[in-house]
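Written out below as structure tokens is the structure these notes cover.
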Amino acid sequence: MKTKQIPAFVTLFAAFAMCIISYVNDYSLSFFIRAMFFVLVGFFVLGMIIKIVLDMSVSQLDEEFVSAEDLGFADGEIIEDVEFIEDEQES
């Protein structure tokens with residue numbers, strides 16, 4: 001799973017929301033710049049945390065993945081009786 005872009009998307013979404021909120025509330029430019037800086041830094045950190053959590057969960061799923069080699073099949077071997085294989089796995 002590609003998670004490299006998650007911090008950027010979270011940060012951009014927060015910046016967009018901040019722009020809309022500041023326009024509606026008619027904030028001054030100096031307040032807007034300070035607030036925007038803190039919003040961008042905060043949501044970038046939040047995006048990095050989300051990315052790390054997703055990377056950890058994906059790596060755990062990859063470890064639990066069972067491949068054909070794990071079941072004892074050679075590369076290129078044709079599996080014709082899938083029900084038989086599923087019954088062996090349940091036992």
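FYI, the numbering just counts along the sequence from 1.
- By the side chain to side chain contact (heavy atoms under 4.5 Å, CB included) test, Ala15 pairs with Met36, Leu40, sequence neighbours left out.
- Transitive grouping of hydrophobic side chains (ILVMFWY, heavy atoms separated by less than 4.5 Å) keeps Met48 and Val41 in distinct clusters.
- The same ILVMFWY cluster, assembled from side-chain heavy atoms under 4.5 Å apart, contains both Phe43 and Ile33.
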Counting only pairs under 3.5 Å, give me each side-chain donor-acceptor contact of residues 18-26, with atom names and distances, residues two or more places apart or in other chains.
| unit_1 | atom_1 | unit_2 | atom_2 | d |
| --- | --- | --- | --- | --- |
| Ser22 | OG | Met18 | O | 3.1 |
| Ser22 | OG | Cys19 | O | 2.9 |
| Asn25 | ND2 | Ile21 | O | 3.4 |
| Asn25 | ND2 | Tyr27 | OH | 3.3 |

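- Under the 4.5 Å side-chain heavy-atom criterion for grouping Ile, Leu, Val, Met, Phe, Trp and Tyr, Val39 is connected to Phe32 within one hydrophobic cluster.
- Between Thr3 and Pro7 the shortest heavy-atom distance is O-CD, 3.8 Å.
- Here the shortest heavy-atom pairing between Ser57 and Leu54 reads OG-O, 2.9 Å.
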